[in-house]
Amino acid sequence: LMIITYHVAMDMAPIDLPDGWAYVPEDGGGGPHLIGSSRAAAIYKIADGGDAESAVDLSVTAGAPVKQSAVLTAWSGVDQTTPIHKVAFDGATSLTGTTHASPQVTTTIDGCVILQTISFKDSSVSAITPPSGYTGRGSVTMTGGGRSSTAHASKAAPTGGTYGGEDWTTDAIPSSRAMFALALAPAITTQTARPVADVTATNVTDQDGGTTDLYTRIDEAVLDTADY
């Protein structure tokens, strides 16, 4: 799974989707968010052989060149059909502090990874620190006036529950921020075609005269009735 968050430090026309990519599936459909005079988007793609060592073209529909920032992270072990389990977004302007609480997601499956992303528009921010317990996965800060900055960080979510609400910190007060919290769903590795306990044992026996759980006898890749 490849995730890109993209920030444009101006109210440009909508951010365009690169070929083969989609907006992360937020409630209401997802897409670019307008935050004050900047825009932010989160997009994703399941990688295939054609993505190796290729470039991803990020653009806006119209407008003069403007400061932009983007971070791409790639994740193995993610469900290939529904890779993004939950998404939350938060945007804010007129900020008054250097701590920034992330949005929250509530997972209903075990084994997710929580990916938090943050983007800023500001001329002063030069350092972004992830919340405690999270591992930084990449960041970029621009220079000069009206610049754009973006960072990613993640942590494991071994059980279902509510995650997020932790504070990112910056070395200055930005003029606006855009934050995503994404729960990445794990690939399903548990076999569900075979039982894990006897459910009903009626009129059947095994070769040990009933001393062995029947479900343990379902052990062939090719059918073999000699076990029963």
Side-chain angles (χ1 to χ4, degrees), residues 1-8 11-35 38-48 50-51 54 56-61 68-92 100-120 130-131 134-135 137-138 148 150-166 168 176-190 192:
L1 171 68
M2 299 184 294
I3 297 279
I4 293 176
T5 57
Y6 181 24
H7 182 260
V8 182
D11 179 11
M12 307 289 285
I15 296 170
D16 298 335
L17 277 171
D19 290 342
W21 292 71
Y23 295 114
V24 297
E26 302 174 64
D27 290 343
H33 292 266
L34 179 62
I35 314 99
S38 62
R39 289 183 182 268
I43 61 178
Y44 76 104
K45 184 180 188 295
I46 296 294
D48 57 40
D51 291 305
S54 65
V56 180
D57 292 327
L58 301 171
S59 62
V60 293
T61 300
Q68 308 162 37
S69 62
V71 171
L72 182 154
T73 51
W75 302 88
S76 61
V78 178
D79 183 80
Q80 300 286 290
T81 303
T82 309
I84 300 174
H85 176 50
K86 299 289 183 179
V87 178
F89 173 81
D90 176 68
H100 314 278
S102 61
Q104 292 185 323
V105 290
T106 299
T107 65
T108 57
I109 56 177
D110 297 341
C112 289
V113 168
I114 305 302
L115 173 61
Q116 291 191 12
T117 79
I118 193 165
S119 296
F120 295 108
Y134 284 75
T135 300
R137 299 300 182 185
S148 171
T150 295
H152 286 194
S154 70
K155 75 173 183 180
T159 60
T162 299
Y163 296 89
E166 301 96 346
W168 292 73
S176 66
R177 68 172 181 242
M179 307 175 76
F180 286 94
L182 302 96
L184 310 183
I188 298 173
T189 57
T190 302
T192 55

Requested in this report: May I ask you to check whether over 12 heavy atoms, not counting those of D48, lie within 6.0 Å of atom CG?
Outcome: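 Count over threshold, so yes.
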
Is the shortest side-chain heavy-atom distance between [X] and [Y] below 4.5 Å?
{"X": "W21", "Y": "M2", "result": "yes"}
{"X": "T117", "Y": "M179", "result": "no"}
{"X": "P18", "Y": "L58", "result": "yes"}
{"X": "P83", "Y": "I46", "result": "yes"}
{"X": "W168", "Y": "P130", "result": "yes"}
{"X": "L182", "Y": "V105", "result": "no"}

Heavy-atom pair with the smallest gap, counting every atom of [X] and [Y]:
{"X": "H152", "Y": "L115", "result": "CB-CD1, 4.1 Å"}
{"X": "A41", "Y": "P32", "result": "CB-CA, 4.0 Å"}
{"X": "S119", "Y": "T150", "result": "OG-OG1, 2.8 Å"}
{"X": "Q116", "Y": "P131", "result": "OE1-CG, 3.6 Å"}
{"X": "P186", "Y": "I109", "result": "CD-CD1, 3.9 Å"}
{"X": "A178", "Y": "I35", "result": "CB-CD1, 3.7 Å"}

Query raised in the report: Counting distance only, does the side-chain N/O of S102 pair as donor-acceptor with the main-chain N or O of G165 below 3.5 Å?
Result: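 Side chain of S102 to backbone of G165, a donor-acceptor pair under 3.5 Å: yes, one is there.
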
Report task. Verify whether the ring centers belonging to H7 and F120 lie closer than 6.0 Å. Result -> no

Report task. Compute the ring centroids of H33 and Y23, then answer whether they are less than 6.0 Å apart. Result -> no

Query raised in the report: Looking just at side-chain N and O atoms, do T107 and H85 make a donor-acceptor pair shorter than 3.5 Å?
Result: no

Requested in this report: Give a yes-or-no answer on whether the side chains of Q68 and Y6 include a donor-acceptor pair shorter than 3.5 Å.
Outcome: yes

Distance from [X] atom [atom1] to [Y] atom [atom2], nearest 0.5 Å?
{"X": "I114", "Y": "Y163", "atom1": "CD1", "atom2": "OH", "result": "6.5 Å"}
{"X": "I84", "Y": "F180", "atom1": "CD1", "atom2": "CZ", "result": "10.0 Å"}
{"X": "R177", "Y": "H100", "atom1": "CZ", "atom2": "NE2", "result": "6.0 Å"}
{"X": "L184", "Y": "Y44", "atom1": "CG", "atom2": "OH", "result": "11.5 Å"}
{"X": "I4", "Y": "L72", "atom1": "CD1", "atom2": "CG", "result": "4.5 Å"}
{"X": "K45", "Y": "L17", "atom1": "NZ", "atom2": "CG", "result": "12.5 Å"}

Extract all donor-acceptor atom pairs below 3.5 Å that involve side chains of residues 153-162 and protein atoms in other chains or at least two apart in sequence.
unit_1 : atom_1 : unit_2 : atom_2 : d
S154   : OG     : R137   : NE     : 2.9
S154   : OG     : R137   : NH2    : 3.4
K155   : NZ     : E166   : OE2    : 3.3
T162   : OG1    : T106   : OG1    : 2.9

Report task. Tell me, please, which residues at least two apart from D110 pass salt bridge (Lys or Arg N to Asp or Glu O under 4.0 Å). Result ->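 D110 satisfies salt bridge (Lys or Arg N to Asp or Glu O under 4.0 Å) with no residue once adjacent residues are dropped.
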
